Every structure is written in structure tokens, then in C-alpha cells.
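Keep in mind it's a predicted model, so treat the numbers as computed, not measured.
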Amino acid sequence: MRQAKDLTVGSITRHLYTIALPIMGTSFIHMAYSFTDMAWLGRLSSKSVAAVGTISVFMWIAHSIAALTKTGAEVTISQSIGAGKSDEARHFASHCSTISILLGFVVALFFGLFANDLIDLYRVEADVHAEALVYMYITLLGYPIMFLSSMLFGLYNAVGHSSVPFRTLGLGLLLNMILDPLLIHVAGWGVAGAAWATVISEVVVSLIFLYQLRYRDRLFDDFPWLVRLRWQWVWRILKIGTPVAALNVLFAALAIYMGRMASSVGGHIGVATLTTGGQLEALTWNTSQGITTALCTIVGQNWAAGRLERVWQAYRRALGFTLTLGLLGGLFFIFWGEAFFSLIVPEPEAYYSGGIYLRISGYSQIFMMAEITTQGLFYGMGRSSLPAVISIAGNYLRIPLVLLFLSWGWGLEGVWWAISLSSMLKGLAALLSLLWLRKRMPRPEGL
């Protein structure tokens, strides 16, 4: 039986990187799924890229909703372990898995019923709309098991064994890389082939994952995956996970609006630039997310154990890493963004537009790192509401900004500047909220 790691003792730096590195790898593998699809579809046409990019936002919404139980598992289980309450951790694991499966079915049903209307929000060309609809219907088949897998990632992060999902997802990526060219080009299925490659890979990953959990690791004495829900456990999970899910869902909904604005100004090139550019920008975001998730787990255990000096030490170490990453990533996007974009979409018009997007987003990378790292600190303390409010307010500031910049005649660059400037403001607000927290020095509650 695999045991949870005690993160309240030992080297903070070692714990941080031991947990973070596999999570970074897992994030890159998630991103590589999309890159693989985009790279092969880019050899078909920019319209195929735009079709999948359109649906990627709705997949983002689904993953955002799945973050409710993923974050809920990471925080509740890590805090229970830190407080020495293994039975409580077991209850939280069972409730998180049950909720995740239910959410997966509900989201798949909703997207299936309103697929046409959702894609219409982008106002894309008819042929792009048709390809997007095919891609959505196929990928919906994998939603329930994807939701469960997301929660299990959070569970393994909470117990300090983040290497397990990294290895498992790596096998899925290898399968996806094999299936993509076979189904897209050899079989001639195009966008449908990309969708089936993703679904098949996700199913295989989930089966391996469940086998690992049930027959090798046996975490929390083979906790049941489906239980009758009890409000005392559900409430704690919802209290922590809902602000995070709401933040991400509202961010994804905003991305639909921004995509619509990009489409109105730049057509399918605008949509392809926004969606593909956002995924390329995720290189820095996903790397920092690994550190932030590790920080959340370490803070969760030490906060519950009353080891406040280790909480602040972990935050300082994590922030130093992410700010360095933001600086290097920003410089890369500013000076080599166009060449980078051309590796995914080789059409000159598309990668020229993508280079401008990455250059403008490069200016905000350091601020984005500050916001994400501070979120990890608050999440670990079980206080997810404040960073969610900051992020939601900053994100929706993009609407008046983009309208203002478009009225000035900035075109697509106005859309990109609205995104970049709002990220800068969010980073500054996150640091100010940290100063407020540091002065108040609250104590753990309810544990």
C-alpha cells in the first residue's frame, strides 16, 4: 500500500521540486495532446485549426468544472493528512470521486444538447462550424472518465505522489502521437480523427490509472469510488473547489467572448491566433502551475499542522522560481514568438498574427506568475475565494478594454493588449492581497 508523504518535516525545497516536477511533466503532456492535434491539423488547413480551437474553449470549461473536485481533493485530503485524520481523508476521497463522475455526465449531456448554439457564439464560417460540431460530439464521449481522472490527479498530488499521474499520462501521450497521424491523414478522417485519437487515449489512460489505484497503490484502504453523498463532506469540498471552478469557467466563458471579438476583426485567422497562441503561452503557465500545485499541497499540510514558518518559506521558494520562469518566457515570446508559432501553423498570415499575439503577451508573463503562485498559497490555506475574486474581476476588465481599444482602431492588436494589460493588473492585485494576508496572519480554522 502506498503511503502519503509527510510534508511537515524535511527540506521544503526538496518537497517542492519532488512534487512539482512530475506535475509540470503532467501539464506538458496535457498540452502536448492539444499540440499534437493542432500540429497535424495545421497541415490540413488553418480552418481545421480554428474548428478545434473553437471546441478547445468548451473543453477548457469542462476541465474547469472538473477542477472543483480536483482542487477539493488536493486541499481537503492534504489538510486531513497534515492534521493526522486519515479516516477523514478517506471520506473526502470517496466523495470527490462520486461528485466528479456525476459532474462528468451532467456536463457531457449539457454540451451535447446545446452544441450548435454554443459553437454559434463564435460566428465562424459554416465549414468551420461543421467541423467543430463533429469534434465536440466525439470528445463528449470521454467526459465522465476524464472528470474522474482529473480528481484522481488531485488525490495523488495531495498525498505527495505526483509522479504516478505523470507516468500514466505519458503513456497516453505516446498513444495519441501514434493515433493522430494515422487517423487524421492515413485514414483521412481529418478533424474527426483528431477527436477519436484524443478520446481513445483518454480512455486508455483512465483504465491504467484506475488499475494503478485499485491494485497497486490501494490508497486509503481501497476507498470506494461511489458512495451516498453526505452534506458535511460535500459542503467542505464545494466550499474549496467551487471558487476555483467558477474562476476557470468564467475565464473560459470570457475566452468565448474574446474569440468572438477576434473573429469579428480577423475572421478565422483571429480565432486560430487566439486559441493556438493561448496554448503556446500555456508553456509558461503550465510550468508554473506545477510549482503552484505543489505549493498548495505543502501549504495544506503545514497550515493544518500549524507550521506557519514552513508555509511562508514554501511560498518564497515557489515565487522565486515562477518569477524567473516568467522573465525567461516573456523574453522568448517577445523575440522568437513568430518562429515558435510557425511550428504549429505554417501559413504565413497565421504565424505573422501569432507572433504579434505572443510578443504582446510576453510583457505580462512575470505578473501572471505572481498571480498564479499567490493563488497556490491561498488555496493551500483553504481560502480560495479572495484569489478567485481578484482573477474574475481582472479577467472581465478585458471586455471594456477590448471595446475601448477597438474603438481606437487597434484591430486584433487591441484584443491582445486587453488580455495582456489585465494580466498585469491581476498580478499586482494578487501581491497586494498577499501583503494584506501577511499582516493579519490568520490561523487554521475548522481543523
Side-chain angles (χ1 to χ4, degrees), residues 38 42 46-47 49-51 53-54 56-57 60 120-125 128 250-285 326-327 329-342 344-371 390-430:
M38 292 293 186
S46 58
K47 287 190 175 182
V49 173
T54 299
S56 69
V57 177
W60 178 9
D120 276 341
L121 294 173
Y122 273 92
R123 293 183 177 176
V124 293
E125 296 94 326
V128 175
L250 289 172
F251 192 17
L254 176 65
I256 296 174
Y257 175 82
M258 300 300 286
R260 183 169 176 170
M261 299 302 294
S263 177
S264 66
V265 178
H268 73 275
I269 291 295
V271 175
T273 299
L274 178 63
T275 55
T276 306
Q279 292 186 37
L280 294 176
E281 187 185 2
L283 278 171
T284 54
W285 186 89
L327 175 62
L331 291 174
F332 179 78
F333 290 152
I334 291 169
F335 293 105
W336 295 285
E338 183 175 313
F340 187 32
F341 201 99
S342 68
I344 305 300
V345 187
E347 291 183 21
E349 184 181 5
Y351 69 68
Y352 174 76
S353 177
I356 296 173
Y357 173 92
L358 291 177
R359 174 176 56 80
I360 294 173
S361 69
Y363 301 133
S364 62
Q365 292 300 301
I366 289 180
F367 298 92
M368 184 175 68
M369 297 299 107
E371 182 200 4
I390 291 172
S391 190
I392 291 170
N395 289 337
Y396 276 80
L397 181 62
R398 294 176 180 180
I399 294 177
L401 285 177
V402 73
L403 293 174
L404 176 65
F405 296 155
L406 290 180
S407 72
W408 290 351
W410 287 15
L412 276 177
E413 289 194 30
V415 182
W416 315 151
W417 273 115
I419 295 172
S420 187
L421 287 174
S422 66
S423 293
M424 296 178 191
L425 292 174
K426 287 191 298 175
L428 292 174

Can you check whether Tyr357 reaches Leu280 side chain to side chain, under 4.5 Å on heavy atoms? no
Donor-acceptor pair, distance only, cut-off 3.5 Å: does the side chain of Ser422 make one with the backbone of Ala418? yes
In this structure, CG of Leu331 is separated from OH of Tyr363 (nearest 0.5 Å) by 10.5 Å
Rounded distance [0.5 Å steps], OG1 in Thr273 versus CG in Leu358: 9.5 Å
Student check: side-chain heavy atoms of Thr284 and Phe332 closer than 4.5 Å: no
CG on Leu421 to CZ on Phe367, rounded to 0.5 Å: 10.0 Å
Nearest 0.5 Å, please: how far is CG in Leu412 from CG in Leu406? 8.5 Å
Quick check: closest heavy atoms across Ser361 and Glu281, and the distance to 0.1 Å? CB-OE2, 3.7 Å
Under a 3.5 Å threshold, yes or no: a donor from one side chain and an acceptor from the other, between Ser423 and Arg398? yes
Spacing of CD1 belonging to Ile419 relative to CE belonging to Met258, to within rounding of 0.5 Å: 4.0 Å
Considering non-hydrogen atoms only, spot the tightest contact between Gly277 and Phe341 and give its length. N-CE1, 3.6 Å
Does the side chain of Lys426 reach to within under 4.5 Å of the side chain of Asn395, using non-hydrogen atoms? yes
Would you call Trp410 and Trp416 a side-chain contact if the rule is heavy atoms closer than 4.5 Å? no
